[in-house]
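Notes to accompany the following structure.
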Amino acid sequence: MKKFLNVPENFVDEMLEGIYAAHPQQLACAAGDLRCIVSARPVKGKVGIATGGGSGHLPLFLGYVGTGLLDGCAVGGVFQSPSADQMLEVTRAINQGAGALYIYGNYSGDIMNFDMAAEMADLEGIKVLSLVGNDDVASSPKGQEHKRRGVAGIFFIYKAAGAAAAEGMALDEVKRVAEKVKANVRTMGVALTSCIVPEVGHASFSIGENEMEIGMGIHGEPGIRRGALRQADEVVDEMMQPILADLPFVRGDEVAVLVNGLGATPKEELYVIFRRVASILKEAGIAVFHVYVGEYATSMEMAGASISLLKLDDETRRLLARPAQSPFFEQQQL
Amino acid sequence: MKKFLNVPENFVDEMLEGIYAAHPQQLACAAGDLRCIVSARPVKGKVGIATGGGSGHLPLFLGYVGTGLLDGCAVGGVFQSPSADQMLEVTRAINQGAGALYIYGNYSGDIMNFDMAAEMADLEGIKVLSLVGNDDVASSPKGQEHKRRGVAGIFFIYKAAGAAAAEGMALDEVKRVAEKVKANVRTMGVALTSCIVPEVGHASFSIGENEMEIGMGIHGEPGIRRGALRQADEVVDEMMQPILADLPFVRGDEVAVLVNGLGATPKEELYVIFRRVASILKEAGIAVFHVYVGEYATSMEMAGASISLLKLDDETRRLLARPAQSPFFEQQQL
Amino acid sequence: MDSIGKAELVPLFASLRDVFISQRDYLIDLDGKVGDSDLGLTMNKAFLAAYESVSANSADAVGRTLQLAGMAMAKAAPSTMGTLVATGFMRGGKALESFSSIGSAEMSLFWAAFLNGVIERGKAKRGDKTLIDVLAPVSESLGTSVACAATLPEALARAAEAAAKGLDATKGMIAQHGKAACFQEKTLGLQDAGATVGFLIVDTLRAFVAERKK
Amino acid sequence: MDSIGKAELVPLFASLRDVFISQRDYLIDLDGKVGDSDLGLTMNKAFLAAYESVSANSADAVGRTLQLAGMAMAKAAPSTMGTLVATGFMRGGKALESFSSIGSAEMSLFWAAFLNGVIERGKAKRGDKTLIDVLAPVSESLGTSVACAATLPEALARAAEAAAKGLDATKGMIAQHGKAACFQEKTLGLQDAGATVGFLIVDTLRAFVAERKK
Ligand SMILES: Nc1ncnc2c1ncn2[C@@H]1O[C@H](COP(=O)(O)OP(=O)(O)O)[C@@H](O)[C@H]1O
Ligand SMILES: Nc1ncnc2c1ncn2[C@@H]1O[C@H](COP(=O)(O)OP(=O)(O)O)[C@@H](O)[C@H]1O
Ligand SMILES: [Mg+2]
Ligand SMILES: [Mg+2]
Ligand SMILES: [Mg+2]
Ligand SMILES: [Mg+2]
């Protein structure tokens, strides 16, 4: 296990101490709990947006707490849900009287804890709505979207909902925007190597020296097909086909693209991937509004990548274009 | 070799095609040569700043072409210098009548080609000054600074010089600022795994399953000490000691910090590293103005990290704080 | 004792706490077969926290006290069962908000809400080899007891029997949820760990009321 | 042939190109011992580009033609040796700007400027096991020849001899620059690859002039 860490049990908390130490003007911890992260720049009267999930996916989840983005986040151990109580603390801290929206991924532990937190917040008179990201086309067939896992595409939901809340939209409206983005985003991933959970100490799964797994989840959940690693263009073709067919994305659509690295894949390779994505979209008559390339949702040091497409309309385009800023993500007005 | 690529020989050009396709509003290619990258938003009358070097280090080098940063960049094959001719093309393209400053790393191939380009530009009446980054404390002892390699600390030179040029400083002044930053930045790196050059197809060097190499260069150049990987805090201590002693950084100084990932190391671990850096600096009575954590200068998929410190004065603090924007790096006014 | 009043909640939760202390290693063992061995630890934490909450809030109305106990459990034990049991107590407590003591009818309301909470939270159904396979027969049995105007001790005695049967039936099921789901057929023959917790809670209630009756 | 005029440059660069085609594998091999095996390839590219440049610019003055050949090499082969040799041709050509043909004196000027260019560009010194260990004796030998009023064929014959000696002497040196520098003591006994290129250029000049003399 080639990792920079001290005692594996302390990994998450030491990482968080590092994050607070690095970004004291931007992030604060709520209720004295390191794992409850909130923006140090609260905005009065704004709808609060919270997320959360296991650690090990930086910049997901806490990396999107910032201006024009999310207001708070609870994180658990590596790949483990935070507690409902921690979510509740975050909810209390970000509540500005306008209620809160939870946006998180479709994992049973997270769902149970967020639902419970919402219930507890409700008892305290804080109105909470929830939205579960499920963009991973590989994880269940069409028609069973509710079973799909949430992966990198959640970035688009954060970005648009964050901009909507920053514009002053009410809770229902922010939720409506988030739902719209959720309905229009699709992702496929491919993994080349495993990651290592510090407390476990060895690879989470094994994969052959020349193998790839199309559709593997960000915790190593089984994908669609394991096979020999092929040329980048072929791999991209195999990923783009189900993405395009699923929504479907059609001639005349305008999209935003996210080519996401899972941890160990160099940015150079992500651009080799985008090159093919761009040519496929061009061929298909689909216009590209904006492109994000980099690490937006990782699995520790897993090598691999995912491609997300978001179909835009005037409103989501406007919201995506808004400036945003966090210690992990900055964007000027597009 | 678990990489997303097609024909290895085409890797660099396909990556560049991907980059131009992704960021058409921000980057343009000069003289019809993909490897000559210039800002798509030239600023009339401004001193031009150019850099260059081998591919495989993204966001170095071309990632810093942008607003408030650099104006152009020539890239070579993976870990190979671009040609003098390509540098000359970039120089021509970014020349706004105010001359150009070359900022690049201390590698003989790069030096030869940049010197040659400067000579050729001179023949054409373009005034060029050059500055060679040499921040890697591990690569030569004190007193032999001119032999030190340039690594991630060059980011600080880019940032300050880019801001200086954006402020309208003349060529000599921009060079003076760059020299000042160069004189005040120090870096140490540590590598845990090798990287793979696509055309070579296998690891550039071998390193044991539980080994690390302190001071290894970004192309795998030998470092100071190879030994068993130890706890993160000890590794950081071993890196910080020579950094602090070299300038030296002393009680009362104010610094900017860059914790840089070499490619495969998760951001989580970089923050575990920064946590220790912060506590060492606090102990030493050195104030921290701003912290950058992430991948700023990589070696493809090498696992490892580097720590850079820049000692600030009023001028460099002001310049570092200025906004900047490129497809690979964004910063709002600090 | 025909109903549980405000004053009895503290000793009741003390019993629950003690049961889960004594069953700690047994539950660790059960969860270890097709899970991650944490159930004994998390249930210990959960019921210790619940006891402390109930002690601190014993002046409140019963329903409120139970809700707060649920919240304390959620905080102390964010595991699957911790969250499900916490949910159960919160929902059960909410159902009893307008009552001052717990007789057979209230006990039936409590477990019906508890069961619904667990179903809603965990999205599992009967036969999936979970806690629900104990809770559902318990809730049904209590409904029948209310219809037959049974006393609380009688109702709980029958409920505990139903729980034991439900628990035994989990041996014949294949796990569909949580970590055990990965083991599929291999879970056949094993008694579900979470269902065991359900049985223990109900059986502790039975024993508590039976004891006080004397 | 006592001097090389404008018209001779095209066949001269054709010879150089052919020499580096025939020496390709030999140079790959030499560079492979303590380098990255690209020298045969890069020198091929460099001298092919130089030949094409000279063909295209054969109407220009000799100095100018040589400078343009250097620029073409720089463009075609940005490796260490590509850049150094390109610099040499650019500087040597610049030194000949005011001359219309190359006799002994001009040949001496050319190589002195070539040598200085390589030293300035590469910051290496004599004894560092590089190209310079061939260029320096070549330049010295040509200076002596000019002082002794030797003809061009004589001067080049002696220069090639000096080059061969210089090249042989690199075997006793330890590499200080480039990729070979990492191998330190292990480079002892090996002939330097870049110096070999220097020898080949000078020896090709010698052979070209000797051939034409007949
Ligand atoms: N979705 C679900 N709904 C209801 N009960 C569940 C569900 N998933 C798991 N369980 C129950 O939880 C028990 C395991 O609890 P626990 O050890 O806390 O899980 P974990 O260690 O995975 O968090 C199982 O034996 C089962 O009874
Ligand atoms: N700084 C230098 N100055 C002069 N010659 C050098 C220098 N560095 C290397 N060389 C020469 O270059 C040769 C290697 O050339 P080449 O294969 O092109 O290098 P690389 O493959 O590293 O770019 C060496 O054999 C040596 O003669
Ligand atoms: Mg368990
Ligand atoms: Mg568990
Ligand atoms: Mg070589
Ligand atoms: Mg080379």
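Proteins come first, then strands; the chains are lettered A, B, ... in the order of their sequence lines, and each starts at number 1.
- Proximity of a side-chain donor or acceptor of N6(B) to a complementary backbone N or O of D233(A) within less than 3.5 Å is detected.
- Put simply, the side chain of E268(B) never gets that close to the backbone of M300(A): no donor and acceptor are under 3.5 Å apart.
- Both the backbone and the side chain of L192(B) come within less than 4.5 Å of a heavy atom of chain A.
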If you apply the rule side chain to side chain contact (heavy atoms under 4.5 Å, CB included), what do you find for H23(B) with Y271(A), and how did you get there?
CA-CA 11 Å; H23(B) 312 295; Y271(A) 278 103; 2.6 Å; yes
Applying side chain to side chain contact (heavy atoms under 4.5 Å, CB included) to L229(B) and K3(A), what does each step give before you reach the verdict?
CA-CA 8 Å; L229(B) 175 58; K3(A) 280 186 171 298; 5.8 Å; no
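- Interface remark: E209(B) contributes backbone and side-chain atoms alike to the contact with chain A (heavy atom separation under 4.5 Å).
- Side-chain contact between M15(B) and R275(A) is absent, with no heavy-atom pair separated by less than 4.5 Å.
- Of the atoms belonging to L262(A), not a single heavy atom falls under 4.5 Å from chain B.
- The candidate with the highest count of non-hydrogen atom pairs below 4.5 Å against chain B, out of E211(A), K282(A), M302(A), is E211(A).
- For E283(A), the CD atom counts as loosely surrounded, since its 6.0 Å shell holds 12 or fewer non-hydrogen atoms of other residues, nucleotides or ligands.
- Between chain A and the options G294(B), G56(B), G63(B), the largest number of non-hydrogen pairs under 4.5 Å is found for G56(B).
- For Q231(A) (side chain) and L5(B) (main-chain N/O), no donor-acceptor pair under 3.5 Å exists by modelled atom type.
- Chosen from T298(A), V236(A), I273(A), V277(A), the residue pairing most often with chain B at heavy-atom distances under 4.5 Å is I273(A).
- If you measure heavy-atom distances from H290(B) to chain A, you find no contacts under 4.5 Å at all.
- For chain A, the nearby part of A278(B) is the side chain; its heavy atoms alone come within less than 4.5 Å.
- Heavy-atom distances place both the backbone and the side chain of F11(A) under 4.5 Å from chain B.
- Using a distance-only test at 3.5 Å, with no hydrogens or angles considered, a donor-acceptor pair links the side chain of E269(A) to the main chain of F4(B).
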